[in-house]
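Order of the sequence lines sets the chain letters (A, B, ...), proteins ahead of strands, with each chain counted from 1. The model shown is predicted, which means the values in this text are computed figures rather than measured ones.
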Amino acid sequence: MTLRVYDTRTREKREFSPLNEGRVSMYVCGITPYSPSHLGHARCYLAFDLVHRWLEASGYEVDYVQNFTDIDDKILNISESEGVDFSVVSNRNIDDYFEVMDAMNVLRADHYPRVTETISEIIDMISKLQEKGHAYVGGDGVYFEIDTAPEKYGQLTGQTLEMVRAGAGGRVTDTGSGKRDHRDFALWKLAKPGEPFWESPWGDGRPGWHIECSAMSLNHFGEQFDIHGGGHDLRFPHHEAEIFQSECCTGCEPVVGYWMHNGFVNVDGEKMSKSLGNFWTVREAFENYTPLALRYALLSIPYRNPIDLSPEFLEDARMNYERLIEAYGVSLSSDSDSGTDLSEASQRITDAMNDDFNSRAAIIAIQEVVSQYSGRDIATWLEHYAGEVLGLLPSSEEMLAGRARADSARAKVTDKVEALLNEREIARQSKDWNRADEIRDELTSMDVIVEDGPDGPTWRLA
RNA sequence: GCACGGGUGUCGGAGUGGUUACGUCGGGGAUUGCAAAUCCUCUUACCUGGGUUCAAAUCCCAGCCUGUGCUCCA
């Protein structure tokens, strides 16, 4: 089976066929770094990390670009309230982004362009749009005029011009001081007093939100590229604005081969968002779940479906993840070569991933191998599928270091535990169950779990 | 209001025109002094109403419920 990818624009899974044989150009909308990353961000970049990994595992050479919107109203508000330059705020949150994503095994993109480093390309693009009659200068900036390309409306959301002209259910009444029509969107915003600005033919100011992605993708990939990703909420207006800008600027369509949008992270059925105050930052989540257990949880649902975060959901994922790690650790230290044939499981994972990156089906195939072949020589297989493809495994060095730590922790209490276990065995032989259970309770309080097997008791640390 | 998703068993949650999802929880059993672990096994499904079909939970239509977008948002 060949790779099939769901495209938001055509609303169907289509066989994946990049513009250039063997190479994939992929652009994913990055964060606006005005606050630490939350789990919604994690879900998005985990999802596209999976796409990145699978394309590479399938033999494609992937050129992956992800931007940072490092100048924006919210960043300016924060920098003003803190009395620092806006770059202090954005750099701080970009650092946070990389730290938490690295911890979750998110591979780095090839390029991370920033708005503030793309100003001249943005100005070129706006100038060209103005030359072609798609942009006009309004009172407080330069705007894209929707009416110059009405046929491009609604490609990602199915909305027609008339619907939105009607005014979003009557809620949009303000057309903005400089717009001809409320559907027009800003390409360049003139600076207010005290705001950072860049010089432009239209006056000092900064780019509108949508134009950066068009300018960056044009800059890196040219007029067309293969995959454009982002959160579901970016379909409109952000991504539709990009279609307007890019295609009207170059005259080439479609600008994007496959539009991919990941589903939301919800809490109690509602979208996790700053305005609802129901978000967890990734770091907060790390307090309760290890980064890779969190990765497991967020990849255990296909990327297009919403995830409703609940304690049950996360605990379930944690438990299953620990089984995987335990099995990997055991197989790493076992040197038995039993020639286990895992080709059927491999094929199931390939089929799952080729079906629009179905990571859940792939994870289930891995867990079945884990439960079926535990203790066998599956380390190499796990390293490929659970490690390289799904990014779920720590490096073998980390695994071995972790086991070394566990061994030394075990060594510290071994003498005492063995002594207590001996005493308990004597009690058990004389059927003094009260004394035996008392000793087991004592061991439990030392975080030692005792398991009586047919060959006598074994123990491990909790 | 309009657009686009989703409604599955105790719960979480895939998938699918006819055949076990998976995990969890619960019941029963093996093993066990008890417990744990392990193994076996069972029960509880596909929102409602129509339609297409030999066959629909799966496709189509309508309805209901719910989420998201239409404003900054991954």
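Both the sub-6.0 Å distance and the 45° axial angle are satisfied by A:R304 relative to the ring of A:Y6. By the 6.0 Å and 45° rule, A:R180 stacks over the aromatic ring of A:Y136.
With a cut-off of 3.5 Å on both Watson-Crick or G-U wobble distances, the partner of B:rG67 is given as B:rC4.
Here A:N358 reaches the OP1 or OP2 of B:rG15: one of its side-chain N or O atoms lies under 4.0 Å away. For the OP1/OP2 pair of B:rG69 and a distance below 4.0 Å, the side-chain nitrogens and oxygens of A:K271 include at least one atom meeting the criterion.
In A:E80, the CD atom is not crowded: 12 or fewer heavy atoms of neighbouring residues, nucleotides or ligands sit closer than 6.0 Å.
Contact annotation: the side chain of A:R323 never approaches that of A:S371 to less than 4.5 Å [non-hydrogen atoms, C-beta and beyond]. Taking the side chain as every heavy atom from C-beta outward, A:L76 and A:P196 approach each other to under 4.5 Å. In this structure the side chain of A:R360 never reaches within 4.5 angstrom of the side chain of A:L299, judged on heavy atoms.
Within the nucleic acid shown, A:E270 comes within 4.0 Å of sugar-phosphate atoms alone, with no base atom in reach, counting heavy atoms only. A:R424 comes within 4.0 angstrom of a nucleotide base, judged by non-hydrogen atoms across all strands. Within 4.0 Å of A:G230, counting heavy atoms only, lie sugar-phosphate atoms of the nucleic acid but no base atom. Within 4.0 Å of A:I363, counting heavy atoms only, lies no atom of the nucleic acid at all. Residue-level contact check: A:V28 touches neither bases nor backbone, having no heavy atom under 4.0 Å from any strand. As judged by a 4.0 angstrom heavy-atom cut-off over every strand, A:F313 is placed among residues touching the sugar-phosphate backbone only. Within 4.0 Å (heavy atoms only), A:H38 reaches at least one base atom of the nucleic acid. Heavy atoms of A:G263 sit under 4.0 angstrom from at least one base atom.
Rounded to a whole angstrom, the distance from the P atom of B:rA55 to that of B:rU19 is 15 Å. When the P atom is compared between B:rC46 and B:rG50, the two are found 16 Å apart, to the nearest whole Å. Taking the P atom of each, B:rC4 and B:rC11 are spaced 31 Å apart, rounded to whole Å.
The base of B:rG15 lies outside donor-acceptor range of the side chain of A:R304, with no N or O pair under 3.5 Å. Interface remark: the A:R440 side chain does form a donor-acceptor pair with the B:rC34 base, using a distance-only criterion of under 3.5 Å. Remark: the A:D437 side chain and the B:rG33 base include a donor-acceptor N/O pair separated by less than 3.5 Å.
If A:S300 and A:H232 are placed on RNA chain B by their nearest nucleotide, the residue sitting closer to the 5' end is A:S300.
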Give me, pair by pair, the N or O atoms of the protein and of nucleotides 61-66 of chain B that are less than 3.5 Å apart, along with how far apart they are.
none

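The side chain of A:F236 lies closest to B:rG69, out of B:rA14, B:rA37, B:rG69.
The aromatic rings of A:Y64 and A:H52 lie perpendicular to each other, with more than 60° between the two planes, well past the 30° mark. The aromatic rings of A:F225 and A:H228 sit tilted, their planes meeting at an angle between 30° and 60°.
Between A:F144 and A:H134, the distance separating the two ring centers is shorter than 6.0 angstrom. Ring pair A:H239/A:H261: centre-to-centre distance below 6.0 Å.
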For nucleotides 20-32 of chain B, 5' to 3', base contacts (B), sugar-phosphate-only contacts (S) and non-contacts (-) with protein non-hydrogen atoms under 4.0 Å give -BBSS--------
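Atom CG in A:D96 sits roughly 15 Å away from atom C1' in B:rA74 (whole-Å rounding). Rounding to whole angstrom units, NZ of residue A:K74 and P of B:rU71 are separated by 14 Å.
A salt bridge does not link A:E212 to A:R114: none of the charged side-chain nitrogens sits closer than 4.0 Å to a carboxylate oxygen.
A stacked arrangement is assigned to A:W433 and the six-membered base ring of B:rG33, with a centre-to-centre distance below 5.5 Å and an interplanar angle below 30°.
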